[in-house]
Amino acid sequence: MLIDWFTVVAQAINFIVLVALMKHFLYRPILRAIAAREQKVAAQLADADARQAQALAERAELARKNAEFDAERAQLLAAANAQAQTLRDKLLAEAEAEAQALAVARRKALEEETATYGAELSRRTGQEVLAIARKLLGELSDSTLERRVAEQFLARLATLPAPARAALTHALAAPGAPVEVRSAFALADDQRAAIRSALAGLGGEGADLRFASAPELVCGIELSAGGQRLGWSIADSLQALQGGVNAALAAPAVAA
């Protein structure tokens with residue numbers, strides 16, 4: 001069998017050219033693609049490792065923050081409990097103080113009310129006693145007592161202090177000024193004459209002297225002239241006594 005060396009050489013050249021073409025246009029791009037793929041996979045693996053490391057770091061940071069949050073929450077809760085307990089104790093103390101103050105105020109009000117009631121009762125009792133005394137003196141008055149009252153009135157006229165005497169003299173000397181003598185009982189003629197004479201000695205010779213009855217004076221006589229008033233009566237003494245009784249009853253309340 002004869003070998004066609006030309007064909008063999010041509011085929012060999014074709015094969016070499018084919019291999020060269022395949023290496024240049026196929027194998028190298030495949031190798032570059034494989035290398036690029038490997039680089040990409042390596043980059044992805046590195047990125048995954050970095051992401052994993054970052055995730056682990058973030059997880060550790062989150063755990064740290066959670067621990068700090070738990071510690072801070074526990075601290076805040078303890079502080080809130082302490083403040084709540086302090087506020088509770090304060091409110092209880094204030095409530096107790098207010099209750100004690102209210103009890104003291106109520107006790108004081110009760111004591112004041114009791115004192116006021118007692119003072120009022122005593123005042124009314126004193127008024128009733130004085131009223132009964134006035135009534136009895138009015139019922140027990142007689143001619144002797146009436147004469148003694150007139151004598152006391154005349155004695156008071158005779159012993160007037162200088163300022164009062166001057167004021168009464170001026171009132172009696174006023175022209176047209178009425179002069180009135182009021183008494184709890186009807187004065188006898190000699191008593192009226194004695195009063196006229198006493199007033200004449202004070203400058204009231206021409207005075208328009210009038211006599212009137214005033215049972216409320218309770219065994220007393222009162223002279224009115226030009227705004228001046230002068231008198232003597234048991235009612236005045238009883239009134240002074242009543243004023244003293246009222247002052248004595250009011251003194252403890254004021255002192256309290």
Exceeds 12 heavy-atom contacts within 6.0 angstrom, atom CD of Q75 = no
Evaluate whether atom CZ of R106 has more than 12 neighbouring non-hydrogen atoms of other residues, nucleotides or ligands under 6.0 angstrom away.
-> no
Do T86 side-chain atoms and A82 backbone N/O form a donor-acceptor pair below 3.5 Å?
-> yes
Is a side-chain N or O of N14 found less than 3.5 angstrom from the main chain of A10, in a donor-acceptor match?
-> yes
State, with a plain yes or no, whether a side-chain heavy atom of R196 is found less than 4.5 Å away from one of F211.
-> yes
Rounded distance (nearest 0.5 Å) linking atom [atom1] of [X] with atom [atom2] of [Y]:
X: Q39; Y: I34; atom1: CD; atom2: CD1; answer: 12.5 Å
X: L21; Y: I16; atom1: CG; atom2: CD1; answer: 12.0 Å
X: N66; Y: E61; atom1: CG; atom2: CD; answer: 10.0 Å
X: E151; Y: I221; atom1: CD; atom2: CD1; answer: 10.0 Å
X: Q52; Y: R59; atom1: CD; atom2: CZ; answer: 11.0 Å
X: K90; Y: Q83; atom1: NZ; atom2: CD; answer: 12.0 Å

Criterion side-chain hydrogen bond (donor to acceptor under 3.5 Å, both in side chains) on Q85 and N81, from CA distance to verdict = CA-CA 6 Å; Q85 183 64 32; N81 290 333; over 6 Å; no
Applying the 4.5 Å side-chain criterion to the ILVMFWY set and letting contacts propagate, would I30 and V19 be lumped into a single cluster?
-> no
Cluster check L77, F69: I/L/V/M/F/W/Y, side chain < 4.5 angstrom = no
State whether D70 and R73 are salt-bridged, where the test is any N-O pair (Lys NZ or Arg NE/NH1/NH2 against Asp/Glu carboxylate O) under 4.0 Å.
-> yes
